Asker: 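Have a look at the structure that comes next, please.
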Amino acid sequence: MVATASTAARWLLIEQPGPWGRDALAQSRFDPRVAPELAARSRAEGVRLLLIRRPGDRLADSGRRWAYADGRPGREGLWWSVRAEDADVLAAPWDGSVGEPATGPVYLVCTHGGHDACCALRGRPLARAMPAPGPASVWECSHLGGDRFAANVVVLPHGFYYGQVPDDGAELVGAHERGRVALPWLRGRSGLPMAAQAAQHAARSSMGLLGVDDLPVRGVRALTAFDAGVERWEVTLGGPDGDVVVTLVSRPSAEAARLTCRALHPAHSRLWEPESLEQL
């Protein structure tokens with residue numbers, strides 16, 4: 001699962017109860033006149049748009065919340081607002097200048113069965129059971145990516161992706177409530193290049209640095225030309241006692257497999273292996 005998080009660093013969450021089709025925004029009860037404009041703006045601004053809905057009875061009211069989240073290092077935050085009309089989200093600034101700031105992590109569990117059945121089958125029980133501290137801390141969400149890793153969770157605002165989260169997710173929640181990552185299920189931090197995600201994971205594993213802000217990325221350098229075969233990368237991370245340089249090899253998996261639950265044909269995934277780790 002390592003280095004499979006989204007490249008998104010900013011997020012727009014729109015509460016939309018009820019069913020979602022494969023294209024969640026367009027195939028939901030969201031205003032069909034506003035949906036294409038909202039999708040176009042999110043693409044233009046590089047903001048990842050997700051529909052969310054409450055699992056079970058976590059909230060007494062529902063349907064009109066929306067949030068903007070920024071996961072960029074040093075700018076992390078999530079702000080909740082309530083809309084009177086769907087068009088309000090389109091007209092609002094997406095920069096954290098409106099809304100009430102979240103006071104803790106927000107957990108999004110992919111339950112988008114219209115995109116892949118595995119997400120609904122494995123995600124919905126997890127979303128209902130997660131022992132998060134607040135009523136607005138856990139949400140079902142639309143497609144996150146990596147369906148084969150269900151149950152998938154992203155923790156905002158930092159954007160940490162997790163896969164194959166077991167049981168009720170209590171260990172994951174407990175880690176983030178302490179400001180730490182849950183390494184056994186960590187896929188990577190969104191917004192970072194895949195090589196940087198893989199390097200952080202290798203360094204965390206080797207050095208035991210699990211704080212959400214540990215090992216910031218200083219630089220990423222390709223050591224070989226990009227192609228479909230073997231690649232080598234050098235990633236520089238900020239360590240507690242100086243920079244840490246991780247060299248990695250990336251290659252396609254030896255065996256092909258179906259990469260989603262609905263895939264019709266097998267394909268090769270990309271694997272990342274640390275070659276060396278040097279403390280400067």
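Keep in mind that this is a model prediction, so the values were computed, not measured.
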Asker: So which heavy atom on Ala195 is nearest to which on Leu248, and how close?
Answerer: O-CD1, 3.6 Å

Asker: Answer yes or no: is there a donor N or O on one side and an acceptor on the other, between the side chain of Gln27 and the main chain of Asp23, under 3.5 Å?
Answerer: yes

Asker: Indicate yes or no for a side-chain donor-acceptor contact from Arg53 to the backbone of Gly18 under 3.5 Å, with no hydrogens or angles considered.
Answerer: yes

Asker: Which pairs, with at least one residue in residues 170-189 and sequence neighbours excluded, count as a ring pair (Phe, Tyr, Trp, His ring centres under 6.0 Å)?
Answerer: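 Output for this query lists Phe160-His176, Tyr162-His176.
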
Asker: Look only at the side chain of Ser190 and the backbone of Ala8, and say whether a donor-acceptor pair between them is shorter than 3.5 Å.
Answerer: yes

Asker: Please check if the number of heavy atoms outside Glu275 that lie under 6.0 Å from its CD is greater than 12.
Answerer: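 Atom CD in Glu275 is packed in, count exceeds 12.
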
Asker: Can you see which heavy atom on Pro184 is nearest to which on Met1, and at what distance?
Answerer: O-CE, 4.3 Å

Asker: Kindly indicate whether the side chain of Val246, heavy atoms from C-beta on, has any atom under 4.5 Å from the side chain of Ser276.
Answerer: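 A side-chain contact under 4.5 Å is absent here.
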
Asker: For the residue pair Cys141 and Ile52, establish whether any side-chain heavy-atom pair is separated by less than 4.5 Å.
Answerer: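 Touching, per the 4.5 Å side-chain cut-off.
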
Asker: Would you mind reporting whether Pro274 and Thr247 have side-chain heavy atoms less than 4.5 Å apart?
Answerer: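 Side-chain contact under 4.5 Å: no.
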
Asker: Given salt bridge (charged side-chain N to carboxylate O under 4.0 Å, His left out), test Glu76 with Arg189 step by step and report yes or no.
Answerer: CA-CA 13 Å; Glu76 296 93 339; Arg189 180 172 179 170; 2.9 Å; yes

Asker: For Gly146, is there any backbone N or O sitting under 3.5 Å from a side-chain donor or acceptor partner on Asn152?
Answerer: yes

Asker: Looking at Glu140 and Arg128, is there a salt bridge between them, counting it only when a charged N and a carboxylate O are closer than 4.0 Å?
Answerer: no

Asker: Determine yes or no for a side-chain-to-main-chain donor-acceptor pair under 3.5 angstrom, with Glu234 supplying the side chain and Arg221 the backbone.
Answerer: no

Asker: Would you say Leu13 and Leu156 make side-chain contact, with heavy atoms under 4.5 Å?
Answerer: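 The answer is yes, as the side chains (C-beta and beyond) meet within the 4.5 Å cut-off.
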
Asker: Any chance CE of Met194 has more than 12 other-residue heavy atoms, nucleotides or ligands included, within less than 6.0 Å?
Answerer: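 Incorrect, the count does not exceed 12.
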
Asker: Spell out, as yes or no, whether a donor-acceptor pair under 3.5 Å connects the side chain of Arg270 to the backbone of Ser250.
Answerer: yes

Asker: Kindly give the heavy-atom pair with the smallest separation between Leu192 and Gln197, and that separation in Å.
Answerer: O-NE2, 2.9 Å

Asker: State whether the side chain of Arg187 and the backbone N or O of Thr4 hold a donor-acceptor pair below 3.5 Å, judged by distance alone.
Answerer: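 Checked: pair present.
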
Asker: State whether the side chain of Arg75 and the backbone N or O of Gly71 hold a donor-acceptor pair below 3.5 Å, judged by distance alone.
Answerer: no

Asker: What pairs meet the ring pair (Phe, Tyr, Trp, His ring centres under 6.0 Å) rule with one or both residues in residues 7-49, with sequence neighbours excluded?
Answerer: Trp20-His112

Asker: Are there over 12 heavy-atom neighbours, none belonging to Arg29, within less than 6.0 Å of that residue's CZ?
Answerer: no

Asker: Hey, is the main chain of Gly242 close enough, under 3.5 Å, to the side chain of Gln279 for a donor-acceptor pair?
Answerer: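 Indeed, once roles are kept as given, a pair shorter than 3.5 Å links the two residues.
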
Asker: With distance as the sole test, does Arg204 use its side chain to make a donor-acceptor pair with the main-chain N or O of Leu215 at under 3.5 Å?
Answerer: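 Side chain of Arg204 to backbone of Leu215: no pair is present.
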
